[in-house]
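Report on one structure; see the data block that follows.
A, B, ... follow the sequence lines: proteins, then strands. Residue 1 opens every chain. The model shown is predicted, which means the values in this text are computed figures rather than measured ones. These values consider heavy atoms only, across backbone and side chains, with no hydrogens, waters or symmetry-generated copies.
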There are 2 protein chains.
Amino acid sequence: MAARDYGQYCGVTRGLELVGERWALLIVRDLLVGPRRYGELAAGLPRIPSNILAARLKELQAAGVIRRVPRSRVIIYELTPYGRELEPIVLALGAWGFKAMGDPREDQIITSDSMTMALRTAFRPQVASTLPPTAYGAHLGPAELLIRVDGPTLDVTRGDGPVDLAFSAGPQIRRLISGELGPDRAIATGVVDVLRGPADLLDRFARTFHLAA
Amino acid sequence: MAARDYGQYCGVTRGLELVGERWALLIVRDLLVGPRRYGELAAGLPRIPSNILAARLKELQAAGVIRRVPRSRVIIYELTPYGRELEPIVLALGAWGFKAMGDPREDQIITSDSMTMALRTAFRPQVASTLPPTAYGAHLGPAELLIRVDGPTLDVTRGDGPVDLAFSAGPQIRRLISGELGPDRAIATGVVDVLRGPADLLDRFARTFHLAA
DNA sequence: CCGGATCCCATCCGATACTG
DNA sequence: CAGTATCGGATGGGATCCGG
């Protein structure tokens with residue numbers, strides 16, 4: 001343990017010792033969406049070697065950040081209350097990193113958990129409160145998300161359901177979230193493809209989810 | 001660059017690519033206190049190898065987080081506005097890590113920059129507003145800090161000056177900040193040693209600086 | 001000195017293969 | 001499905017060296 005330790009008695013160094021290793025905070029990010037099985041985590045982090053995932057899970061468990069729960073023949077990993085306290089930090093880091101996102105590269109993928117957290121980051125509860133409850137079905141690359149906004153509360157789940165507006169988009173949806181592209185231009189340029197429902201609901205979506213770039 | 005890249009198009013991964021490397025966020029932490037020279041950074045991060053420090057400075061510079069400023073024969077590193085936006089994240093991570101700090105080990109040191117940031121994390125402006133302006137001189141291991149509280153504003157600098165209360169303490173001061181130890185018991189047990197001024201001002205200090213454990 | 005660059009070794013990570 | 005085992009290459013740690 002002395003090797004990876006920073007040798008300082010300081011809250012920041014302690015925090016980094018617990019979740020500063022490569023991949024660790026991304027595991028936390030995905031677990032913030034919900035409990036996950038080993039294979040689900042591996043699928044959501046496609047480039048993580050399995051030995052690293054196994055090692056991180058053990059370390060995070062030893063650090064009291066996550067818990068390994070055997071549940072009816074399968075093993076589930078979930079955040080402890082202490083681990084859940086990382087949520088504002090992960091969201092803030094996501095908002096900070098969002099500003100440095102350029103255009104997507106060919107080899108960069110979108111996962112449903114990362115998009116879910118991005119939506120939570122971009123969600124503006126006070127704006128949403130002024131708008132009628134709305135359900136969106138977003139097909140974002142391989143992820144199919146059901147986004148339900150009701151007043152100041154947001155609920156994002158995987159899968160399908162009844163929606164007011166269904167659309168598909170690629171990584172370029174960032175430009176809609178950042179306001180770089182208006183909803184109408186997003187549709188005109190093909191960044192967003194409306195599948196079902198009135199296209200002007202995309203404006204409501206863009207006002208509900210916004211992140212500075 | 002493809003090696004250390006996470007392969008996802010996501011704000012969190014982007015943020016981690018910029019400041020997620022080992023030591024990077026600690027360099028940011030120290031620069032949040034103020035601009036620093038190479039040697040000052042090296043002194044504040046005693047276990048960092050010089051090649052790593054040099055490499056991180058270049059990477060952070062390329063990432064737009066810090067700036068290298070030649071100033072009258074010496075080179076100064078300082079945060080860019082974008083880098084300064086990391087402050088709430090570093091403070092939040094420090095508060096989170098604070099909860100996982102046990103008792104200090106022999107080989108763990110305290111630096112003045114890390115203590116300065118810890119004080120900023122623990123500072124409670126709304127409490128301080130109700131108290132008279134106060135200057136503290138804190139001798140924390142090798143760090144001598146001049147802590148000036150005036151209403152909701154906090155100013156921490158290195159060095160000496162006129163103070164209302166001067167005290168010295170070691171790493172155990174964490175137990176005072178966390179409330180685990182009351183001011184009187186902190187003095188009685190020798191955790192805090194009052195050097196000058198009325199000892200009851202330590203109570204004011206403890207109310208001004210508090211962090212949950 | 002200050003601000004690094006270089007070298008060498010230990011450790012960690014990534015890719016793939018394998019197992020209960 | 002949930003991990004271990006293994007191995008080459010990348011990265012970090014520590015010491016030393018160099019140019020201004």
Let me know the distance between [atom1] of [X] and [atom2] of [N], rounded to the nearest Å.
X     : N      : atom1 : atom2 : value
A:I52 : C:dT11 : CD1   : P     : 16 Å
B:D5  : D:dA10 : CG    : P     : 16 Å
B:I75 : C:dG4  : CD1   : C1'   : 9 Å
B:I76 : C:dC2  : CD1   : C1'   : 12 Å
B:L45 : C:dG3  : CG    : P     : 15 Å
B:I66 : C:dG3  : CD1   : P     : 13 Å
A:R71 : D:dA2  : CZ    : C1'   : 17 Å
A:R22 : D:dG12 : CZ    : P     : 10 Å

Looking at [X], does any N or O in its side chain come under 4.0 Å of the phosphate oxygens OP1/OP2 on [N]?
X     : N      : value
A:W23 : C:dC13 : no
B:K58 : C:dA5  : yes
B:Y77 : C:dC2  : no

Secondary structure of DNA chain D per the Watson-Crick/G-U criterion (both distances under 3.5 Å; [ ] crossing, | other strand, . unpaired) is .|||||||||||||||||||
Is there a donor-acceptor pair closer than 3.5 Å between any side-chain N or O of [X] and the backbone N or O of [Y]?
X      : Y      : value
B:T116 : B:V156 : no
B:T121 : B:G94  : no
B:R36  : B:I27  : no
B:E17  : B:Y6   : yes
B:R14  : A:A100 : yes
B:Q172 : B:A186 : no
B:R174 : B:M101 : yes

Side chain of A:R4 only, please: which of C:dC12, C:dG3, D:dG12 is the nearest?
->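 Of C:dC12, C:dG3, D:dG12, C:dC12 is nearest to the side chain of A:R4.
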Among D:dG13, C:dG14, D:dG3, which is the nearest nucleotide to the side chain of A:R68?
-> D:dG3
Looking at [Y] and [X], is there a salt bridge between them, counting it only when a charged N and a carboxylate O are closer than 4.0 Å?
X      : Y      : value
A:R4   : A:E59  : yes
A:D164 : A:R204 : no
B:E78  : B:R37  : no
A:R120 : A:E87  : yes

Where along residues 33-43 of chain B does a heavy atom fall under 4.0 Å from DNA chain C?
->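 Residues of residues 33-43 of chain B under 4.0 Å from DNA chain C: B:R37, B:Y38, B:G39.
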Base versus backbone protein contacts along nucleotides 14-20 of chain D [heavy-atom cut-off under 4.0 Å; B, S, -] = BB-----
If you draw a 6.0 Å radius around CZ in B:R185, do more than 12 non-hydrogen atoms from other residues or ligands fall strictly inside?
-> no
B:E21 vs A:L57, nearer the 5' end of DNA chain D by closest nucleotide =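 The 5'-side residue here is A:L57.
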Could you check whether B:R73 gets within reach of a base, just the sugar-phosphate, or nothing at all, counting any heavy atom under 4.0 Å?
->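 It contacts nothing in the nucleic acid.
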